[in-house]
2 protein chains.
Amino acid sequence: MSSKGFKHDLFSQFARVGKAISNANRLELLEFIAQAERSVDELATVAGLSVANTSQHLQQLRQAGLVTSRKQGLKVYYRLSGEDVIILLDALRDVAERHLAEVDKLVNTYLTVKDDLEPVAREDLISRARQGIVTVVDVRPAEEFAAGHVPGAINIQLAELEKHLDAFEPEQEIVAYCRGPHCVLAFDAVSRLRAAGLNARRLQDGYPEWKTAGLPVETQQQDTQ
Amino acid sequence: MSSKGFKHDLFSQFARVGKAISNANRLELLEFIAQAERSVDELATVAGLSVANTSQHLQQLRQAGLVTSRKQGLKVYYRLSGEDVIILLDALRDVAERHLAEVDKLVNTYLTVKDDLEPVAREDLISRARQGIVTVVDVRPAEEFAAGHVPGAINIQLAELEKHLDAFEPEQEIVAYCRGPHCVLAFDAVSRLRAAGLNARRLQDGYPEWKTAGLPVETQQQDTQ
DNA sequence: TGACTATTCAAGTAATCACTTGAATATATG
DNA sequence: CATATATTCAAGTGATTACTTGAATAGTCA
């Protein structure tokens, strides 16, 4: 029966995508690519891998259809091939978080702020931002912020957070976000802001999910290069 | 910095789930398990694998948190650990379908009915079934049907479809479904029904997706065993 | 043109994977 | 208790994976 072979061929194709997301380094690369288009050596640096190794991983991701690349001058830039990839990654995270005890342990060890307060839902943020009762803080690096961010958000690096504490009024509600649901930067920012007596919470998930939800984003013209 | 290690540990956990869905045979097992709780040798038979091999795959799936098992007498029954797993599998399928040319080619070669007519949306089926203007046909094996099906659906094996042709009125709209969006059975059924001059269409996706969408399901008491 | 840079290719190695085979555990039944 | 059945365990094999190293390709710029 030909359907037998068809089914197996089809599942083999699905498995190709599974293989692409079966390696921690590739998942980390995908998270970076989800923030902004990136060149190979930027990705290698940020992920802490050799350039050759990074290039090989990226080619696997491309062959699995998860990323596309374009060459501009000397550099090759990689980006996600679609928002369905973010949905897949979130589904993966979700399953791991629900069913793997190790994830819970890790999250509870490192993200201690977590249980403190529920994150702010994306929909809530829009309405509250519209009323002007909330300040949105994007704690990602400047390049990622420039490539796209929540409208009206201000970009503050974690290292410079303390310098900006005066800028916040005690009454003001602050919402911080970064790369995704488990990005340490936002957890860290919230905990420091609270330690300074401010009213801070995390946004649900991160920028890629915000964008994938179809919510408005703002980009910033890059003056450098 | 400890966050570096945390991030990598976390991605390693996500990668465990990725590994579980990185093999065609495991994906096939998951599709069967998604229909109904199954014992190891049922799964081995239906997937065409040796029992030992099947057992090993199932243990990998369990360690990745995708399935759970319970022992009853001599047999061990496996089931999905949650509906989030179906969401993950559908996200995987979706990415593969959108970005891998091979999937398109396979689908167009084997599921030629595909382009003919759009499948019926789940929401549409409910309202039309309520009006009694549609007959829903479940073409999966009897055990899978018994474990759960769309309310009011009748179970007809593909092999016996021809015998039941008289039971349908020419005016009646028929909607067929089976295991998932690429399940050949439903495509096959629709094409045969149409060949007989009947008005048949496929349901969007299959039973697991119907259930995961939170729509009502009907189960049938098994008299056997 | 030639020096320089970013990326990819190719070859090699240790680790892991999928599958087989045969034995070991449980659990049920006569 | 002995026997049969369902599942798991353990060891072995060939294939694949992740990563390294060093060379090959393109493209840029003086």
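All values reported here derive from a predicted model rather than from experimental measurement. Hydrogens, waters and symmetry mates are skipped; everything else that's a heavy atom, side chains included, is used. Letters A, B, ... mirror the listed sequences (proteins, then strands); counts begin at 1.
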Revision key, fill the gap. Taking every heavy atom of A/I21 against every heavy atom of A/L30, the minimum-distance pair comes out as CG2-CD1, 4.0 Å
**Study point:** A/R140 backbone acceptor or donor facing A/Q157 side chain under 3.5 Å
**Key:** yes
Exercise for review: Select from A/S22 and A/L74 the residue whose nearest nucleotide in DNA chain D is closer to the 5' end of that strand.
Suggested key: A/S22
Point to revise | Non-hydrogen side-chain atoms of A/K75 and A/V40 separated by less than 4.5 Å | key: no
Check your understanding: With sequence neighbours left out, what residues match B/S22 under side-chain hydrogen bond (donor to acceptor under 3.5 Å, both in side chains)?
Key -> none
What pairs of nitrogen or oxygen atoms, one from the protein and one from nucleotides 12-14 of chain D, lie under 3.5 Å apart?
none

**Study point:** Selection: residues 46-55 of chain A, any non-hydrogen atom under 4.0 Å of DNA chain C
**Key:** A/V51, A/A52, A/S55
**Study point:** Contacts of type side-chain contact (heavy atoms from CB on, under 4.5 Å), residue B/A44, not counting sequence neighbours
**Key:** B/V51, B/T54
Point to revise | Sub-4.5 Å side-chain heavy-atom contact between A/F6 and B/T109 | key: no
Check your understanding: Residues from residues 57-72 of chain A sitting under 4.0 Å of DNA chain D, heavy atoms only?
Key -> A/H57, A/Q60, A/K71
**Study point:** Residue that, paired with A/D205, satisfies salt bridge (charged side-chain N to carboxylate O under 4.0 Å, His left out) out of A/R179, A/K211, A/R122, A/R93
**Key:** A/R122
Review point. With sequence neighbours left out, which residue pairs that include part of residues 41-65 of chain B fulfil the salt bridge (Lys or Arg N to Asp or Glu O under 4.0 Å) condition?
Key: B/R38-B/E42
Check your understanding: Any side-chain N or O of A/N23 under 4.0 Å from OP1/OP2 of D/dT17?
Key -> no
Review point. Under the side-chain hydrogen bond (donor to acceptor under 3.5 Å, both in side chains) test, which residues partner A/D104, sequence neighbours left out?
Key: none
Review point. For A/R26 and D/dT16, what is the distance between atoms CZ and C1' respectively, to the nearest whole Å?
Key: 12 Å
Point to revise | side-chain hydrogen bond (donor to acceptor under 3.5 Å, both in side chains) partners for A/Q60, two or more places apart | key: A/R26
Revision key, fill the gap. Between the CD atom in B/Q63 and the CG atom in A/L100, the distance rounded to the nearest 0.5 Å is 10.5 Å
Point to revise | Heavy-atom side-chain proximity of B/F11 to A/E31 below 4.5 angstrom | key: yes
**Study point:** For A/F145, all residues meeting ring-ring contact (aromatic ring centres under 6.0 Å, His included), sequence neighbours excluded
**Key:** A/H149
Review point. With distance as the sole test, does A/E209 use its side chain to make a donor-acceptor pair with the main-chain N or O of A/G206 at under 3.5 Å?
Key: yes
Review point. How would you list, by chain and number, every residue that makes a side-chain hydrogen bond (donor to acceptor under 3.5 Å, both in side chains) with A/T135, sequence neighbours excluded?
Key: A/Q172
Review point. Which residues in residues 28-45 of chain B have at least one heavy atom lying under 4.0 Å from any atom of DNA chain C?
Key: none
Review point. Contact boundaries of DNA chain C with chain A (under 4.0 Å, heavy atoms), 5' to 3'?
Key: C/dT5 to C/dA10
